[in-house]
2 protein chains.
Amino acid sequence: MAKIKRNRNGTRKDVIIAKAAKLFREKGFSATSMRDLAEHVGVEAASLYNHISSKAEILQEICFKIANNFMSHIEEVDATPNKSAIEKIQAILRFHIKQMLDNYEEVYVSDREWKHLTDPYLSNIQSQRRTYRQRFASVIEDGIRKGEIKPIDAPTAVLIMLHAVSGIESWHRSKKKIAGEVLEDNMVQILVDGLRKQA
Amino acid sequence: MAKIKRNRNGTRKDVIIAKAAKLFREKGFSATSMRDLAEHVGVEAASLYNHISSKAEILQEICFKIANNFMSHIEEVDATPNKSAIEKIQAILRFHIKQMLDNYEEVYVSDREWKHLTDPYLSNIQSQRRTYRQRFASVIEDGIRKGEIKPIDAPTAVLIMLHAVSGIESWHRSKKKIAGEVLEDNMVQILVDGLRKQA
DNA sequence: ATAAAATGCTAACAATTGTTAGCGTGTTTT
DNA sequence: AAAACACGCTAACAATTGTTAGCATTTTAT
């Protein structure tokens, strides 16, 4: 009987979810079995159910935690006065990149594996993602109207930004990594300059 | 006994692979069962094995077909004389976008599901992807050296380009789509302007 | 027309899946 | 000390998985 070791301030459930996020990222939600997960946690599969109610619940927790995280950040940025559109975009972009660097496993999983949620969670997350993209797009459209940003299709720009960021996955997997801050600056520079209206 | 209907010039195996690509995209490789696939093909699961040898083989065929496709294109572009770095990047980018528009299912699957290959195919595809990215990066580095492109980290730029393109998935899923050509032009413009050295 | 090949079917297999029941032990609360 | 709880275990379940064997039927080649 080897108990699950908690980190300070964390429940055993948290430990399970963290390990699950790692496995879901590596092999995908469907290809990860509960016995797989149990082994990495250091316990028998059945014991997991003392802490979680189902495999699906794990994915739900991951997805909604991350979604809320991003949603509240964009609302915060949006509400900040005296910020140009470009500055707002930079803030959003940097937040995405930082999250992808610090909270890699869960952010990645929530981005790639949400399709395996089932209703009502599926519909819920889909609608959250939609409104997030729309908020992002309207920041861009605002910038176009003000002449800060060149006249492009805003949803396309959003799509580029969000997916570019998720490419940080291959940075994580690469052997010779540049520093995280350098990566961040490079990404922001390339992407923002792509939007900026040139004089 | 309902036979698999072939399209002209296509084998029954091709039909199976095409349907599989669609399902693999929608639900992922692991979450797609052979009985699932069989149903969409209009046949019993066991009958599929008259045309393919395993589920794994289907994924292999998809991944390597697409990988070869991209590999031979970049070689072609690379070998073209009298082309600036920017022009080469545009060519590569437009090819990716066109592939993602015309050959959506298979391109997307090969990009997202290659992790489920097993050795030796896994190692093979990993190395192909690596060399592809390196080739792409060296086009960019060439452009930096010639002063066409601003001094940025080339691997980061590659990562942005490739992942941005894969975002076309959400364009496919969206209700109100702009035209494919408009999407292409927008993407190329944003991404290339992000690289270009401003005067 | 006959033989050979292609292609479908049903039935079954061993393995793996997520999950539950029931029990024991250790820990906390009363 | 007793009662309640938390948390681990083994064993088992029904469902689903990829795949094979064996046979029937249709299509193609001789």
Side-chain angles (χ1 to χ4, degrees), chain A residues 1-21 23-24 26-63 109 113 115-119 121-122, chain B residues 1-21 23-24 26-63 109 113 115-119 121-122:
Chain A
M1 193 193 277
K3 281 224 180 142
I4 300 175
K5 267 183 275 183
R6 287 176 299 186
N7 310 359
R8 64 176 176 292
N9 295 338
T11 68
R12 281 174 239 265
K13 184 170 178 174
D14 293 335
V15 175
I16 292 172
I17 291 181
K19 290 279 184 196
L23 289 173
F24 290 173
E26 287 171 0
K27 330 184 9 168
F29 175 76
S30 293
T32 303
S33 76
M34 294 301 277
R35 285 166 180 83
D36 237 14
L37 172 56
E39 196 175 338
H40 281 80
V41 171
V43 95
E44 289 300 315
S47 307
L48 296 172
Y49 289 83
N50 286 319
H51 306 280
I52 52 139
S53 70
S54 67
K55 186 185 180 188
E57 193 210 0
I58 301 178
L59 186 60
Q60 288 155 23
E61 299 240 354
I62 294 174
C63 289
V109 167
E113 304 293 326
K115 284 186 189 181
H116 296 102
L117 292 171
T118 48
D119 271 326
Y121 306 99
L122 178 59
Chain B
M1 190 193 276
K3 279 227 179 143
I4 300 176
K5 265 184 277 183
R6 287 176 297 186
N7 310 0
R8 64 176 177 292
N9 294 338
T11 68
R12 280 175 239 264
K13 184 171 179 175
D14 294 336
V15 175
I16 292 173
I17 291 181
K19 290 278 184 196
L23 289 173
F24 290 173
E26 286 170 0
K27 332 189 1 168
F29 175 76
S30 293
T32 303
S33 74
M34 294 301 278
R35 284 167 180 82
D36 238 15
L37 172 57
E39 196 175 336
H40 281 81
V41 171
V43 96
E44 290 300 316
S47 307
L48 296 172
Y49 289 84
N50 286 320
H51 306 280
I52 52 138
S53 70
S54 68
K55 187 186 179 186
E57 192 210 1
I58 301 178
L59 186 60
Q60 288 155 23
E61 298 240 352
I62 294 175
C63 289
V109 166
E113 305 292 328
K115 284 185 188 182
H116 296 101
L117 292 171
T118 50
D119 271 326
Y121 305 101
L122 179 59

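The model shown is predicted, which means the values in this text are computed figures rather than measured ones. So you know, we letter chains A, B, ... as the sequences are listed, proteins then strands, and number each from 1. What's counted below: heavy atoms across the whole structure, side chains too, no hydrogens, waters or symmetry copies.
Rounded to the nearest 0.5 Å, atoms CG (B/L59) and NZ (B/K115) are 13.0 Å apart. Atom CZ of A/R12 and atom CD1 of A/I17 lie 14.5 Å apart (nearest 0.5 Å).
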Listing, residues 50-57 of chain B side-chain donor-acceptor contacts under 3.5 Å, not counting sequence neighbours, or none:
{"residue": "B/S53", "atom": "OG", "partner": "B/E57", "partner atom": "OE1", "Å": "3.4"}
{"residue": "B/S54", "atom": "OG", "partner": "B/A56", "partner atom": "N", "Å": "3.4"}
{"residue": "B/S54", "atom": "OG", "partner": "B/E57", "partner atom": "N", "Å": "3.1"}
{"residue": "B/K55", "atom": "NZ", "partner": "B/F29", "partner atom": "O", "Å": "2.9"}
{"residue": "B/K55", "atom": "NZ", "partner": "B/T32", "partner atom": "O", "Å": "2.7"}
{"residue": "B/E57", "atom": "OE1", "partner": "B/S53", "partner atom": "N", "Å": "2.8"}
{"residue": "B/E57", "atom": "OE2", "partner": "B/K13", "partner atom": "NZ", "Å": "2.9"}

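B/A45 meets the side-chain contact (heavy atoms from CB on, under 4.5 Å) test with B/R35, B/A38; sequence neighbours excluded. With sequence neighbours excluded, the residues that form a side chain to side chain donor-acceptor pair (under 3.5 Å) with A/E113 are A/H116.
Taking atom CD1 of B/I52 as the reference point, atom P of D/dT20 lies 10 Å away to the nearest angstrom. As a whole-Å value, the separation of A/L23 CG from C/dG18 P is 12 Å. Between the C1' atom of D/dA6 and the CD atom of A/E44 lies a distance of 18 Å, rounded to the nearest Å. Following rounding to the nearest Å, A/N50 (CG) and C/dT27 (P) show an atom-to-atom distance of 16 Å. When rounded to the nearest whole Å, the span between CG of B/L48 and P of D/dG18 equals 10 Å. For the pair A/H116 NE2 and C/dG18 C1', the computed distance is 15 Å after rounding to whole Å. If you take NZ of B/K27 and P of D/dT16, they are 12 Å apart, rounded to a whole angstrom. Atom-to-atom, CD of B/E57 to P of D/dT20 comes out at 12 Å; the value is rounded to the nearest Å.
The listed nucleotides are D/dC7, D/dG18, C/dT19; the one nearest the side chain of B/K55 is D/dG18. Closest approach to the B/R12 side chain among D/dT19, D/dG8, C/dT7 is made by C/dT7 (side chain taken as heavy atoms from C-beta onward). Residue A/Y49 has its side chain nearest to C/dG18 when only C/dG18, C/dG8, D/dG18 are considered. Of the candidates C/dG8, D/dT19, D/dT20, the closest approach to any side-chain atom of B/H51 belongs to C/dG8.
Checking the phosphate oxygens (OP1, OP2) of C/dC9, a side-chain nitrogen or oxygen of B/S47 falls inside 4.0 Å.
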List the steps, then state whether side chain to side chain contact (heavy atoms under 4.5 Å, CB included) holds for A/I16 with A/K19. CA-CA 5 Å; A/I16 292 172; A/K19 290 279 184 196; 6.0 Å; no

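Only A/T32, A/S33, A/M34, A/R35, listed by number, bring a heavy atom of residues 28-36 of chain A to less than 4.0 angstrom from any atom of DNA chain C.
Residue pairs meeting the side chain to side chain donor-acceptor pair (under 3.5 Å) criterion with at least one member in residues 36-49 of chain A, sequence neighbours excluded: A/K27-A/D36.
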